Each structure stands twice: as C-alpha cells, then as structure tokens.
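This report refers to the structure that appears directly beneath it.
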Protein chains: 2
Amino acid sequence: MDKKKTYSIGELAREFDVTTRTIRFYEDQGLVSPSRRGQTRIYSPADRVTLKLILRGKRLGFSLAESKELIGMYQPQGDNRHQLLALQEKIHQRRAQLEQQLHDIQAMQQELDDVEQRCIDAMNDLES
Amino acid sequence: MDKKKTYSIGELAREFDVTTRTIRFYEDQGLVSPSRRGQTRIYSPADRVTLKLILRGKRLGFSLAESKELIGMYQPQGDNRHQLLALQEKIHQRRAQLEQQLHDIQAMQQELDDVEQRCIDAMNDLES
DNA sequence: GGAGAAGTTTACGTTAACGTAAAGCTGGTT
DNA sequence: AACCAGCTTTACGTTAACGTAAACTTCTCC
C-alpha cells in the first residue's frame with residue numbers, strides 16, 4: 001500500500017506560509033520537479049520534504065544554490081572514490097560553517113541575556 | 001591613559017575581509033559613523049565592534065536592518081517603562097528565532113552525520 | 001616633482017529571490 | 001449558463017547589498 005498522498009501547490013503554500021509564486025520559482029531553479037496532471041502540478045511527499053529543507057536553509061541564511069547543493073548531498077550517488085572524497089570535503093566545510101553559526105548564536109544569546117538583565121534592573125529602579 | 005587607538009578604513013577592511021566599499025555602505029545605512037580628519041574617516045574601537053556585530057549577523061542570515069536593530073538594543077537608553085517593555089518583547093522574539101536556528105543547525109548536523117557515515121561505508125565497500 | 005598608495009565622492013550596474021499584474025484554462029456549483 | 005476558486009504561463013518590477021568604474025585629493029617616498 002503506497003502512501004501515495006500528493007499535494008497541490010496551494011496546499012503546500014499554505015502549510016509553509018509561502019506564496020505559490022515562490023514554489024514555482026524554486027521549480028525554475030531546479031530545486032523541485034513535481035509531476036503534472038495535465039497542466040496542474042502534483043507534489044509528492046518527497047517534494048514536500050525538499051521544500052522543508054529549503055526553508056530550513058533560508059532560516060539559516062543559506063542561498064537557494066547552497067540549499068540545492070545540500071539537498072543534492074543528501075541523495076548521494078557516490079559511484080567513484082573521487083566523488084566520495086569530494087563529498088566528504090563538502091560535508092567537512094558545511095560542518096565548520098554550522099559550528100561557526102553555533103558560536104555566533106551562543107554569543108548573541110549571551111548578549112541578549114545581558115541586555116535583558118539590565119532591562120529588568122532598570123524596571124526595578126523605576127518602581128523604587 | 002586612553003586606549004585611543006583608531007583604525008583606517010583599509011585596516012578594518014583587511015581585518016574583516018570586506019571591501020572599503022562595504023564599510024562605506026554600512027555608513028550610508030547608518031550602522032557606523034566614524035569621525036573624520038579632514039576628508040578621511042577615522043574609526044574607533046567601538047566602530048570596530050559594530051562591524052564585528054554586523055558580520056556576525058550576516059553569518060546568521062540577518063539583514064543589515066536587523067543587525068542595526070540588534071546593535072541598537074545593546075546600547076539601550078531605557079528611559080520609560082513602555083520602552084523597556086518593548087525592548088523586552090524584542091529580546092524575546094530574537095531569542096525565539098535563535099532557538100529555532102539552533103534546532104535547524106542540530107538537524108542539519110545530524111543529517112551531515114548520516115551522509116558522512118554512508119559515505120564512509122561506500123568507501124569501505126570499494127576497498128573490499 | 002613625479003609616481004604610487006590610500007583615501008575621497010558620485011553614480012551607474014548587478015544578483016538573488018521573489019512580488020505583482022495580466023490574461024487565460026478548468027472543474028465544480030448554483 | 002454563468003460564476004468562482006484555484007490552477008496555469010508570461011513578463012516586467014522591486015529590494016538588499018554591495019560591485020565597479022571614473023575622476024579627484026593627499027601623503028609619502030625616491
């Protein structure tokens with residue numbers, strides 16, 4: 001029994017809070033390639049996952065090209081040794097970037113903590 | 001004894017690996033406002049920190065406008081109660097976003113782990 | 001004193017990631 | 001039959017964040 005659930009472009013747009021224009025644009029850029037029933041686009045669960053990955057990438061400041069590359073990495077057709085080594089190198093670089101982002105986030109969180117504390121202190125002073 | 005160290009635009013550009021055009025653009029956008037000796041811009045340590053914050057924001061996908069707001073939050077002139085409450089709300093929202101980004105990073109790291117493991121397995125298979 | 005390096009202003013060009021509008025097809029409903 | 005919601009294509013418009021080029025000053029060094 002296939003789960004053969006499918007989605008219309010409008011459904012996905014609503015779910016992910018983007019416009020249909022956006023989803024079609026991603027298709028232009030080769031990020032998704034839904035099948036068709038006549039003219040109408042039919043999206044598979046895999047397409048839906050791809051959209052999720054794109055939007056996650058966006059939240060981390062990735063360009064569509066970068067997200068596309070990442071998604072390509074997740075479906076590897078590692079045939080020869082050279083390609084596998086290249087893939088490992090890309091993985092290594094992405095990981096380094098994510099680590100950098102982690103540090104950046106932690107630094108920001110710390111600063112937000114400080115600001116909020118000063119904020120709280122200032123409000124307490126107002127009540128005195 | 002003031003630390004009164006200053007920087008030229010070229011120095012900062014080299015240190016942060018951006019062009020002078022970029023730094024002048026940030027000035028146009030009101031993110032930094034160096035003093036002048038004649039025509040020439042003189043940057044203070046505070047300006048340098050601001051640049052650092054901007055670039056950190058960029059690494060996390062923040063727009064310049066967002067970074068500007070964040071930097072504004074770090075130098076609060078919390079005079080009245082209403083402003084302090086508004087500031088706290090902004091802090092709260094930023095924090096939520098950072099948490100989201102943390103989750104996104106962790107998910108990506110997990111996926112990179114998986115891909116790399118499959119990559120390693122594939123290379124081992126090639127050697128058999 | 002001429003050349004070069006580093007600074008300046010002004011201004012037009014570029015790329016990514018869509019927005020927005022126009023014009024048209026299509027399947028169900030009143 | 002008419003209408004509407006939702007889909008389609010085509011195409012020009014827009015914003016952010018700079019790039020790039022031209023033309024000019026100012027300082028230093030040989």
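What you see is a predicted model; the values in this text were computed from it and never measured. By convention in this document, chain letters (A, B, ...) are assigned in the order of the sequence lines, proteins followed by strands, and residues within each chain are numbered from 1.
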ask   = If you look at every strand shown and take non-hydrogen atoms under 4.0 Å, does A:Arg14 touch a base, only sugar-phosphate, or nothing?
value = nothing
Closest to side chain of A:Arg24, choosing from C:dT8, C:dC18, D:dC7 = D:dC7
ask   = How is B:Arg37 classified with respect to the nucleic acid when contacts are heavy atoms under 4.0 Å: base, sugar-phosphate, or nothing?
value = nothing
inquiry  = As a test of reading the structure: which of C:dC18, D:dT8, C:dT8 is closest to the side chain of B:Thr40, going by heavy atoms?
reply    = C:dT8
Flag for B:Gln117-B:Asp113: side-chain donor and acceptor within less than 3.5 Å = no
task = Using whole Å, report how far CG of A:Leu51 lies from C1' of C:dA17.
result = 15 Å
Any side-chain heavy-atom pair of B:Leu53 and A:Glu111 under 4.5 Å = yes
ask   = Think B:Tyr26 has a side-chain N or O under 4.0 angstrom from the OP1 or OP2 of D:dA17?
value = no
task = List for me each residue that meets salt bridge (charged side-chain N to carboxylate O under 4.0 Å, His left out) alongside B:Arg36, sequence neighbours excluded, and say none if there are none.
result = B:Glu27
ask   = Under 3.5 Å, is there a donor-acceptor pair linking the side chains of B:Ser44 and B:Asp47?
value = yes
key: Spacing between B:Arg36 atom CZ and C:dG7 atom C1', to the nearest angstrom   = 10 Å
query = Which whole-number value in Å describes the distance from B:Glu11 CD to C:dA6 P?
reply = 11 Å
query = Should B:Arg41 be listed as having a side-chain N or O under 4.0 Å from OP1 or OP2 of C:dT8?
reply = yes
key: Contact check, side chains of A:Gln93 and A:Lys90, non-hydrogen atoms, under 4.5 Å   = no
request  = Specify the separation, in whole Å, of atom CG of A:Asp28 and atom P of C:dA16.
outcome  = 14 Å
query = Considering only D:dC18, C:dC18, C:dG7, which nucleotide approaches the side chain of A:Thr22 most closely?
reply = C:dC18
ask   = Of the candidate nucleotides C:dG7, D:dT8, D:dC18, which contains the atom at the shortest distance from the side chain of A:Gln39?
value = D:dT8
task = Using atom NZ of B:Lys58 as one end and atom P of D:dA17 as the other, report the distance to the nearest whole Å.
result = 8 Å
remark   = Per atom distances to the B:Thr19 side chain, the nearest of C:dT8, D:dC18, D:dG19 is D:dG19
key: Earlier contact from the 5' end, DNA chain C, for B:Arg21 and B:Ser8   = B:Ser8
